Structure formats: C-alpha cells, structure tokens
Student: 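Provided herewith is a single structure, encoded as structure tokens, for subsequent inquiry.
What you are looking at is a predicted structure, and each value in this text was computed from that prediction instead of being measured. Whatever order the structure lists ligands and atoms in, that order sets their numbers, starting from 1.
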Amino acid sequence: MTIGIFDSGMGGLSVLSEARKQLPNENFIYYGDSKNAPYGVKTKEELINLSMTICDYFVERQVDAIVIACNTATSAAVKVLRENYDIPIIGMEPALKPAVDSHKSGDIAVMATPMTLSEEKFELLMKRVASKIMVYKIPAPKIVELVESGIVEGSEIDDVLEEYFSTLPKDTIESVVLGCTHFIFIKEAIRKLFDGNIKLIDGNYGTIQQLKRKITESNHGGSLEILNSGGSYYIELSNRLLHYLEEQNGN
Ligand code: DGL
C-alpha cells in the first residue's frame with residue numbers, strides 16, 4: 001500500500017517515523033508544507049485550502065490512505081477532507097484522553113498551536129474527557145518556528161520553554177500532552193525543565209494503530225519519498241531530522 005502523510009513541515013516526520021516502525025513494508029510519501037508553515041496561526045479556510053491541495057496531489061499519486069500528521073490541520077480540515085475524498089483519512093488530536101486515563105492526582109498541561117487550542121473540537125474534547133481535571137492550555141508557536149529551522153535542542157529551546165511554563169505551577173503538573181507533532185522533537189528539553197519528573201504523552205502511536213486498522217498490510221515494499229513545498233533545503237533538513245528521530249527511537 002502507499003500512504004500519504006502530510007504536515008506543515010517537519011513535525012509530521014515524527015509520525016512518519018512511528019509509521020515506518022509499525023508498518024515497515026508500506027510505501028510512504030511524506031509531504032511537508034514548509035513554504036506555508038506555520039499552520040498554527042492561519043485561518044480555518046486557509047488550512048482547508050492548503051490541506052486540499054496536498055490531498056489532491058496524493059490522490060493523483062494514487063495513495064491508498066492519508067495521514068494528517070498535524071493536529072492543527074486536523075482540527076481545521078478533517079471533516080471537509082473526509083467529505084471530499086473516498087480513501088481513509090486518519091487525523092490527529094492532542095492525546096488528552098490517554099493523559100486522563102493514566103492520570104493520578106496532578107494537573108495536565110497541553111502544548112499545541114494557537115489554532116488547535118482555540119478550535120471548538122478541542123473545547124469539546126476537554127469537556128468530554130477532562131471536565132474534572134485542571135488542564136492548562138499552552139499555545140507554543142515559537143517552538144514550531146524553531147523546529148522548522150532545524151533547532152531541536154539547546155538554549156533557544158530551553159528559554160522558550162522556560163517562558164511558556166513561567167506562570168504555571170510546575171510542581172503540580174503531572175503530565176504534558178504534546179498536542180503538536182513538532183513538539184516530539186523537544187521531549188528531552190521538556191524533561192529537563194521538569195528535572196525528569198514528568199510524563200510526556202503524544203498521539204503518534206495511537207494514530208498509526210488507527211492507520212493499521214484502516215489498511216490491508218503489505219508483505220513487501222517499504223519505500224520512502226520525502227517532498228516539501230519549500231524545496232531542496234527543507235528536503236535535506238527533513239532527512240536530517242528523520243535520521244535524528246530514528247536514531248533516538250532505535251528504528
Ligand atoms: N505540526 C503541526 C501540529 O501538529 C502544526 C505546526 C504549525 O505549523 O503551526 O499541530
């Protein structure tokens with residue numbers, strides 16, 4: 001099978017990496033839209049248009065399923081995409097439910113883009129699964145910009161994280177939900193901010209489990225094509241960041 005995976009840029013590589021781990025015999029086409037990144041500060045209409053352009057391309061390439069490796073594009077466009085394309089479309093949402101399921105007594109912080117956190121879809125999710133728990137919403141667009149420029153560790157990341165958490169009671173936060181695929185790259189920096197005393201939760205494993213339920217698995221294949229609207233600089237950066245992730249994950 002051929003699976004199309006897209007994101008605003010580098011973040012979805014973390015989903016691609018998980019997909020290659022769980023589905024080693026499928027062919028993947030990864031499309032990063034770095035020319036139009038960041039998505040998290042765009043309007044819903046803009047995101048629907050951008051997502052449809054990418055999905056039209058995937059359909060031309062005859063993919064069997066599409067993964068929206070982006071919480072932001074999912075919030076804005078998944079409904080319209082499912083109405084317009086008759087192949088499986090797998091979306092993502094901040095993994096608040098798993099965070100609540102494994103919750104003990106502390107608070108939960110959700111880091112995501114401004115768009116994801118302000119959409120009604122997220123409000124409904126909070127009401128449905130976390131009505132009795134203190135949930136802090138942390139819009140973190142600066143992290144997206146740093147990861148898009150290839151910075152995933154070091155003082156710039158540490159300073160931005162420090163700033164985002166400065167007004168929150170860090171001692172009471174039990175888990176941080178990584179509600180944007182770009183944030184998978186900065187797990188270590190978040191752990192450091194909490195002196196290792198934090199649970200980090202993301203939706204990548206569950207998203208690929210969902211993809212597995214929607215396709216018939218192949219027993220040969222395993223190719224990968226990485227494309228990016230921003231051109232060769234971003235394709236090289238994508239290869240470098242994918243390698244970084246796969247080394248960390250032991251793929
Ligand atoms: N990686 C994206 C997400 O999961 C969006 C980042 C952005 O472009 O703002 O939400």
Side-chain angles (χ1 to χ4, degrees), residues 4-19 30-51 53-55 66-79 81 89-99 109-123 125-126 137-152 157 160-161 164 176-187 190 200-208 210-211 226-230 234 237-238 241-242 244-245:
I5 301 187
F6 77 95
D7 176 46
S8 63
M10 302 299 133
L13 293 167
S14 65
V15 182
L16 171 68
S17 160
E18 182 63 36
Y30 180 82
Y31 190 99
D33 196 8
S34 295
K35 189 175 125 200
N36 295 301
Y39 275 10
V41 291
K42 290 204 158 31
T43 65
K44 195 167 172 165
E45 287 64 37
E46 286 172 317
L47 292 177
I48 290 173
N49 287 335
L50 291 168
S51 303
T53 305
I54 299 168
C55 289
I66 293 173
V67 178
I68 312 172
C70 176
N71 296 263
T72 309
T74 303
S75 314
V78 70
K79 195 163 171 284
L81 297 180
I89 303 216
I90 288 86
M92 298 189 79
E93 66 181 11
L96 185 57
K97 170 103 180 31
V110 181
M111 297 180 73
T113 65
M115 158 64 107
T116 301
L117 294 174
S118 62
E119 267 297 300
E120 194 195 3
K121 198 170 184 296
F122 186 71
E123 282 308 314
L125 177 69
M126 288 234 301
K137 298 199 260 181
I138 309 176
K142 287 184 196 163
I143 304 280
V144 175
E145 278 172 37
L146 287 171
V147 174
E148 274 303 297
S149 54
I151 299 168
V152 293
I157 297 276
V160 172
L161 280 176
Y164 283 146
V176 174
V177 175
L178 306 173
C180 167
T181 50
H182 281 70
F183 303 164
I184 307 300
F185 287 97
I186 60 149
K187 275 184 176 175
I190 304 175
L200 299 181
I201 299 177
D202 68 73
N204 286 6
Y205 178 82
T207 300
I208 302 307
Q210 178 64 0
L211 170 63
I226 294 187
L227 305 166
N228 193 295
S229 58
Y234 285 101
L237 180 60
S238 303
L241 289 180
L242 183 64
Y244 172 87
L245 274 177

Student: List the steps and the verdict of salt bridge (Lys or Arg N to Asp or Glu O under 4.0 Å) for E123 and K137.
Tutor: CA-CA 11 Å; E123 282 308 314; K137 298 199 260 181; 2.7 Å; yes

Student: Tell me which residues fall inside the under-4.0 Å heavy-atom shell around ligand 1.
Tutor: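 Only D7, S8, P38, Y39, G40, C70, N71, T72, T113, V144, C180, T181, H182 have heavy atoms that fall under 4.0 Å of ligand 1, ordered by chain and number.
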
Student: To the closest 0.5 Å, what do you measure between CD (E119) and OG1 (T74)?
Tutor: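 Going from CD on E119 over to OG1 on T74, the span is 11.0 Å.
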
Student: Is it true that a side-chain atom of Y164 and a backbone atom of K142 form a donor plus acceptor pair closer than 3.5 Å?
Tutor: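 Answer holds: yes.
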
Student: Report yes or no: does S75 contribute a side-chain atom to a donor-acceptor pair with the main-chain N or O of T116 at less than 3.5 Å?
Tutor: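 Checking the backbone N and O of T116 against the side chain of S75, no donor-acceptor pair under 3.5 Å is found.
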
Student: Is the number of heavy atoms from other residues, nucleotides or ligands within 6.0 Å of NZ (K97) greater than 12?
Tutor: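 For K97, atom NZ is not crowded (no more than 12 foreign heavy atoms under 6.0 Å).
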
Student: With a 3.5 Å distance limit and no angle check, can you tell me whether Y31 reaches the backbone of G4 through a side-chain donor-acceptor pair?
Tutor: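 No; judged by distance alone, with no hydrogens or angles, the pair does not exist.
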
